[in-house]
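Inspection log for the structure reproduced underneath, given as C-alpha cells.
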Amino acid sequence: MVLVEAGDSIPGDGEVMAGVASVDESAITGESAPVIRESGGDHSAVTGGTRLLSDWLLVRITTNPGEAFLDRMIDLIEGAKRQKTPNEIALHILLAALTIIFLLVTVTLLPFSLYCVAQAGQGQPVTITVLLALLVCLIPTTIGGLLPAIGIAGMDRMIRANVIAMSGRAVESAGDVDVLLLDKTGTITLGNRQATAFLPAAGTSAASLADAAQLASLPDETPEGRSIVVLAKEQFGLRGRDMQALGAVFVPFSAHTRMSGVDLPDGRQIRKGAADAIAEHIRRRGSRLPPDVQATVEKVARQGATPLVVADGAEVLGVVQLKDIVKGGITERFAELRRMGIKTVMITGDNPLTAAAIAAEAGVDDFLAEATPETKLKLIRDYQAGGRLVAMTGDGTNDAPALAQADVAVAMNTGTQAAKEAANLIDLDSSPTKLIEVVAVGKQLLMTRGVLTTFSLANDVAKYFAIIPAAFATTYPALDALNIMRLATPQSAVLSAVIFNALVIIALIPLALRGVRYRAVGAAALLRDNLLGYGLGGLVAPFVGIKVIDVALNLVF
C-alpha cells in the first residue's frame with residue numbers, strides 16, 4: 001500500500017483504495033489532458049510512472065515485478081520487426097542480377113577469345129586489362145555510387161525540416177508508404193477541447209447562459225475555460241470583468257467535486273462541470289437535472305462532443321458544448337494524400353461514436369477506436385501482411401510497440417523516451433502533421449532513385465553496344481561492321497568508356513543531392529515520364545559521350 005500525494009509519481013501498477021485525484025498519464029498515453037482516478041468503479045486502475053497533479057491517493061500495488069505495463073510494452077517492442085520495402089528488395093535483386101550477368105560475360109570472354117584465335121589462326125586474344133575495364137564499365141557502378149548520395153540528401157532535407165532521421169533507409173521507406181496512421185489528439189484535432197455552442201435550458205436565454213458560463217470561466221486558465229470566455233464575447237459581445245471589483249471568489253477544479261466556478265458577494269454560486277457532478281451539486285440543494293437538459297447532454301455526447309453543464313445555485317442554466325476542433329486545412333491534406341494513393345487511418349482512445357464523428361468531419365478513410373497498444377500493433381501487422389507499407393506518428397509509451405513495427409515511425413521530441421527509441425524519425429518541432437511532409441520527401445527520394453536507376457541501366461545497355469564492337473574488333477574482325485561510331489582503336493574505345501563511366505557519376509551527383517521535382521501523380525505517369533526522359537537520355541548519352549572522348553583522345557595523343 002502506497003500513499004501518493006500531489007507532485008509524486010505512482011511507483012507501480014495498481015488500484016486506488018482510497019482518495020480521489022487528478023493524474024497526469026501523458027508519459028504513458030501521450031494525452032495531455034489529466035484524468036480522474038478514484039477508488040471503485042472503472043477509474044480505480046493506475047499505472048506506474050504516472051504523476052499526481054492534485055489531492056492524494058492510497059494505491060495498492062497489484063502487479064508482480066516484470067508484469068507491469070512498461071514490462072508489457074518492452075515485450076511488444078522486442079517482438080516488433082520492420083520489413084524491407086518492395087522497392088528496396090527489387091533494387092537489390094536487380095543490381096545483384098546485373099552484376100552476376102556481367103561477371104559471367106566478362107569471365108567467359110577470355111577463354112572464348114583464345115578458342116577463336118586458335119581456330120582462325122589470326123587476331124589477338126582479349127587482354128586482362130581490357131576485360132577489367134569492360135567489367136568496370138558494364139556493372140551498375142553509376143547507381144551503386146549514387147545511392148549513398150541520394151540517402152544523405154534525404155537525411156539532409158529531413159534535418160532542414162527539423163526532423164532527425166536515424167537512417168537514409170527510413171526516409172526512403174516513406175516514399176513507399178500507402179497507409180498512414182495518425183493519432184487523433186494533437187494531430188487531426190487541436191488537442192484541447194474548445195467551446196462551440198451555448199445550449200440553454202427551457203426558460204433560459206442563451207445570453208444568460210453565456211454570461212454565467214463566462215463569469216465562472218474568467219479565472220479559469222485551462223484551454224476550455226479560455227474558449228468559453230472567447231465564445232461568449234464573440235456571440236454576445238460579453239466583455240471580461242474584473243473579478244476583484246466584483247468581489248468574486250474563484251472555486252478551482254477539484255477531483256472530489258469535479259466542478260469549478262465562482263462565488264459572488266450576493267450569494268450566487270455559479271458552477272460548471274460534468275453532468276453527473278452538477279446533478280449531485282443541485283440534488284444537495286433540493287433540485288434535479290431538467291429532462292430537456294439531460295436530453296441535450298445525451299445529444300451532445302452522441303455527436304462526439306463533451307457536455308459541460310452550468311448551474312446558478314440550484315437552477316440549471318444549460319449546457320456548454322465542448323468539442324475537440326479539427327485542425328483547419330487538414331481535410332484538404334487528407335484529400336491530397338488520397339490522390340497520392342495513401343490511405344489515412346485515425347487512431348484514438350475515444351469510444352466508436354466519438355471516433356466516427358471526428359473521422360467523418362476530418363475526412364479520414366478509416367479509424368480505430370478504443371485503441372490499445374495491442375490493437376495498434378495488430379492493425380499495423382494486418383496491413384503489412386496484406387503487402388501494405390505503414391507510416392505512424394506517436395508520442396506515448398503505449399505507442400512504442402506500434403512505432404517499432406511501422407515501416408516509417410515518427411516520434412515527437414516532446415514524447416516519451418520509449419517512443420523516441422522505437423521510432424526511426426524524430427520530429428524536433430513535435431508537430432504530428434509533419435508526417436505528411438516526411439512522406440512527400442520520401443516520395444521525392446524514391447522518384448530520384450527511380451530516374452537515376454533508369455538512366456544507369458540505359459547507360460549500361462548503351463555502353464555495351466557502343467564499345468564491344470570496337471574493343472573486340474582485333475579478336476573478332478567481323479564485329480568491326482557493328483562499330484557504328486567508328487571509334488579509332490580498341491584501346492581508345494576502352495579508355496573512352498572508362499573515362500565516360502567516371503565522368504557520368506560526377507555529372508549526376510548534383511541531381512542525386514538536389515533530387516527531382518516531386519509531383520503527386522500516379523505510378524503509371526511517373527514510369528512513362530522516366531522512360532521517355534531519363535531512359536532515352538541514358539541510351540543516347542554513352543554514344544555521344546564516348547565518341548566525343550574518343551575524338552579528344554586521338555587529337556591529344
Show your working on side chain to side chain contact (heavy atoms under 4.5 Å, CB included) between Phe198 and Val320 and close with a plain yes or no.
CA-CA 5 Å; Phe198 294 108; Val320 179; 3.8 Å; yes

Could you state the interatomic distance from CG (Leu379) to CG (Leu181), rounded to the nearest 0.5 Å?
5.5 Å

Using 0.5 Å steps for rounding, measure from the CG atom of Leu53 to the CG atom of Asp8.
11.5 Å

Which pair of non-hydrogen atoms, one from Ala402 and one from Ile380, has the smallest distance, and what is that distance?
O-CD1, 3.3 Å

Nearest heavy-atom neighbours spanning Gly48 and Asp13:
N-OD1, 2.7 Å

Minimum-distance pair of heavy atoms, taken over all atoms of Ala411 and Ala423:
CB-CB, 3.5 Å

Find the distance between CE (Met392) and CG (Leu182) and round it off to the nearest 0.5 Å.
9.0 Å

Determine the minimum heavy-atom distance between Val345 and Leu368, stating which atoms define it.
CG1-N, 4.4 Å

Rounded to the nearest 0.5 Å, what's the gap from OG1 on Thr454 to CZ on Arg449? Could you check?
11.5 Å

Donor-acceptor pairs under 3.5 angstrom involving side-chain atoms of residues 507-516: please list them, not counting sequence neighbours.
none

Can you check whether Asp407's main-chain N or O pairs, donor with acceptor, with Asn424's side chain at less than 3.5 Å?
yes

Backbone N/O of Ala45 and side chain of Glu15: donor-acceptor pair under 3.5 Å:
no

Ile342 side, atom CD1; Arg388 side, atom CZ - distance, nearest 0.5 Å
10.5 Å

How about Phe455 and Val504: do any of their side-chain heavy atoms sit closer than 4.5 Å?
yes

Which heavy atom in Leu377 sits nearest to a heavy atom in Pro401, and how many Å separate them?
CD1-O, 3.4 Å

The single option from Ile164, Ile426, Leu425, Leu403 passing side chain to side chain contact (heavy atoms under 4.5 Å, CB included) against Lys420
Ile426

Residues Gln214, Leu218; criterion side chain to side chain contact (heavy atoms under 4.5 Å, CB included); working and verdict
CA-CA 6 Å; Gln214 189 188 61; Leu218 283 173; 4.3 Å; yes

Side chain to side chain contact (heavy atoms under 4.5 Å, CB included) between Phe367 and Ile358, worked out
CA-CA 9 Å; Phe367 67 89; Ile358 297 293; over 6 Å; no

What I'd like to find out is whether the side chain of Asn162 reaches to under 4.5 Å of the side chain of Asn413, using heavy atoms alone.
no

Quick one: does Glu224's side chain have a donor or acceptor within less than 3.5 Å of a partner on Leu308's backbone?
no

Quick one: list whatever passes salt bridge (charged side-chain N to carboxylate O under 4.0 Å, His left out) with Lys299, sequence neighbours left out.
none

Under the side chain to side chain donor-acceptor pair (under 3.5 Å) rule, what pairs show up with a residue in residues 356-367, not counting sequence neighbours?
Lys323-Glu361, Arg338-Asp365, Thr344-Asp365

Side chain proximity check, Gln321 to Val319, heavy atoms < 4.5 angstrom:
no

Verdict with reasoning, Ile36 to Ser22, per side chain to side chain contact (heavy atoms under 4.5 Å, CB included):
CA-CA 5 Å; Ile36 303 299; Ser22 178; 4.2 Å; yes

Quick check: closest heavy atoms across Gly225 and Ser217, and the distance to 0.1 Å?
O-CB, 3.5 Å

Does Leu445 reach the side chain of Arg157, with side-chain heavy atoms less than 4.5 Å apart?
yes

Let me confirm one number: the CE-NZ distance from Met259 to Lys272, rounded to the nearest 0.5 Å.
11.0 Å

